[in-house]
Amino acid sequence: MSSALTDLFPYPIVQAPMAGGVSVPRLAAAVCEAGGLGFLAAGYKTADGVYQEIKQLRSLTARPFGVNLFMPQPEYAERGAVEVYAHQLAGEAAWYEAELGDPDSGRDDGYDAKLAVLLDNPVPVVSFHFGVPSAEVLESLRRAGTFTLVTATTAEEARAVERAGADAVIVQGVEAGGHQGTHRDNPENDRSGIGLLALIAQVREAVNLPVVAAGGLMRGSQIAAVLAAGASAAQLGTAFLVTPESGAHAVHKQALTNPLFVRTELTRAFSGRPARGLVNRFLREHGPYAPAAYPEVHHLTSPLRKAAAKAGDAQGMALWAGQGHRLARELPAGQLVEVLVSELAAARTALSEFPAGAGGAA
Ligand SMILES: Cc1cc2nc3c(=O)[nH]c(=O)nc-3n(C[C@H](O)[C@H](O)[C@H](O)COP(=O)(O)O)c2cc1C
């Protein structure tokens, strides 16, 4: 870890930003107080909403924290595809007694206004998802004293992150819950993605930046593995999603360990961009033909997802989850950090005892 980031928080554990009301200030504060790095998610929020959340978080902890921004998306090519998808979702709208949302409700997520908030009221760490900010933006954040991170899902993307001048790269494996932070969504994308350990090795050979590893990490032993592979810290989403402090819907939390949901898949069904969620009815029925049109599809399905959540119907909600979801533990967030840290220490001790600890010849 670069000294600037290590100095910020004692344990190599980052609570992933989770948009959609999951990584609320009380969750971030609990993680920060326990010695990890808590994060707020600015995605889908207004600039004022972000400002208010930062204020609230500051009232809960004096420790360093992060704020995550979504990069604005380029115009997608096939406008007709969203209209076709809207027709295909008509039955869902009738079932949930909801209107489909307006796909054109906005495509830049208020990026400039949120950035202005973060430059006027600098925070310790800012991360970016869905692309690379300009070198000027990264430089102005650095001048404000902010440490910058950008997600990459391939070695090529990590090179772009380094060229732009970010302080570190978040390496997101295909195991990760929620949206893949792919820089440019490609309609031809086969949704395959690269596994985290393979990706860390590739990124470490491609760039000279500290790495924060994300995707499927639920236990301290896995954190030990990514640190051994060269990461400086681990970013966990699904593990924190089930904590009592998380703002996730109770139905979402319960579904993660419900034996009804055994698989996750990358899907465009809910938002138009590949994101990993539990395979439920909506994902199964609409995933196969949902168009590559983010955030239009996100806006289109928003009232359906809200209606399903209100009805407590897990089969119609976006149940974002990483591949490790069945290992989720419903512990208070601070306690989860403590357990992860002790598991990490135990795994490191076991490794240091190798080969005797591995049962090798004495
Ligand atoms: C519910 C949910 C919402 C997420 N929202 C965001 C987000 O707003 N910004 C972001 O950079 N990553 C987001 N992610 C992805 C995480 O940063 C991280 O890559 C992922 O959680 C790691 O995989 P894991 O869930 O298996 O730990 C989200 C993940 C989940 C599960």
Side-chain angles (χ1 to χ4, degrees), residues 13-24 27-28 31 36-45 49-50 53 66-71 109 111 114 125-133 148-153 157 161 166 169-183 193-196 199-200 211-219 222-223 226 231 233-243 246-249 251-253 255-256 264 266-267 270-271 273-278 294-295 298 305 309 317-329 336 340:
I13 295 172
V14 178
Q15 163 249 309
M18 290 181 277
V22 179
S23 55
V24 290
L27 172 59
V31 173
L37 184 70
F39 249 96
L40 297 174
Y44 312 136
K45 289 203 171 302
V50 175
E53 278 211 335
V67 177
N68 173 256
L69 292 179
F70 287 167
M71 290 302 297
D109 199 43
Y111 177 72
K114 292 178 200 177
V125 180
V126 169
S127 72
F128 295 86
H129 209 54
F130 297 149
V132 190
T148 56
L149 294 150
V150 182
T151 304
T153 60
E157 289 182 352
V161 171
V169 59
I170 300 168
V171 170
Q172 189 192 35
V174 73
E175 304 93 332
H179 283 96
Q180 286 281 299
T182 317
H183 293 180
I194 305 171
L196 182 59
L199 187 57
I200 293 173
V211 164
V212 175
L217 304 175
M218 306 295 289
R219 296 283 185 265
Q222 294 173 287
I223 298 175
V226 296
Q235 177 163 305
L236 288 70
T238 304
F240 285 105
L241 199 151
V242 293
T243 62
S246 132
H249 194 287
V251 169
H252 188 173
K253 291 184 185 184
L256 290 171
T264 63
L266 284 177
T267 185
F270 298 102
S271 72
R273 231 182 187 276
R276 184 172 296 283
L278 298 176
Y294 175 91
H298 164 80
R305 288 180 277 120
M317 296 164 64
L319 302 172
W320 302 139
Q323 287 182 337
H325 65 94
R326 300 187 88 176
L327 296 170
R329 297 175 283 204
L336 177 59
L340 290 168

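Read the numbers this way: they start at 1 and go in the same order the structure lists the ligands and their atoms.
- Where the criterion is an N or O separation shorter than 3.5 Å, residue side chain and backbone included, Ala321 fails it with respect to ligand 1.
- Atom 26 (O) of ligand 1 has its closest protein heavy atom at Gly216 N, 2.8 Å.
- The shortest N/O to N/O separation between Ala19 and ligand 1 falls below 3.5 Å.
- Looking at heavy atoms from C-beta onward, His252 lies in side-chain contact with Trp320 at the 4.5 angstrom threshold.
- For atom 20 (C) of ligand 1, the closest non-hydrogen atom on the protein side is Gly177 O, 3.5 Å.
- For the residue pair Arg305 and His249, no side-chain donor N or O sits within less than 3.5 Å of a side-chain acceptor on the partner.
- By the ring pair (Phe, Tyr, Trp, His ring centres under 6.0 Å) test, Tyr294 pairs with Phe130, His179, sequence neighbours left out.
- Taking each heavy atom of Met71 and Val132 in turn, the nearest pair found is CE-O, 3.6 Å.
- Remark: minimum distance from atom 6 (C) of ligand 1 to any protein heavy atom is reached at Pro17 O, 3.0 Å.
- Ligand-side atoms of ligand 1 in range of Gly215: 22 (C), 23 (O), 26 (O), range being under 4.0 angstrom from any heavy atom.
- Only side-chain heavy atoms of Gln172 come within less than 4.0 Å of ligand 1; its backbone N, CA, C and O stay farther off.
- Of the N or O atoms in His129, one or more lie within a sub-3.5 Å distance of an N or O in ligand 1.
- Using a 4.0 angstrom heavy-atom cutoff, Phe128 does not count as in contact with ligand 1.
- The nearest heavy-atom contact from the protein to atom 30 (C) of ligand 1 is Met18 CG, 3.7 Å.
- The shortest N or O to N or O distance between Gly237 and ligand 1 is below 3.5 Å.
- Note: no N/O pair closer than 3.5 Å links His252 and ligand 1 by distance alone.
- Of the N and O atoms on the side chains of Thr151 and His129, at least one donor lies less than 3.5 Å from an acceptor on the other residue.
- The nearest protein atom to atom 16 (C) of ligand 1, hydrogens excluded, is given as Ala16 CB, 3.6 Å; this is a heavy-atom distance.
- Here CG of Asn68 is found 8.0 Å from OG of Ser23. Values are rounded to the nearest 0.5 Å.
- Looking at Gln235 next to ligand 1, an N or O pair under 3.5 Å apart turns up.
- Residue Asn68 has at least one nitrogen or oxygen atom sitting less than 3.5 Å from a nitrogen or oxygen atom of ligand 1, judged on distance alone.
- When heavy-atom distances to ligand 1 are checked against a 4.0 Å cut-off, Ile170 has no atom that comes that close, whether in backbone or side chain.
- Using a 4.0 Å cut-off between a side-chain N of Lys or Arg and a carboxylate O of Asp or Glu, Lys114 and Asp109 qualify as a salt bridge.
- Regarding atom 25 (O) of ligand 1, its nearest protein heavy-atom neighbour is Thr238 OG1, 2.6 Å.
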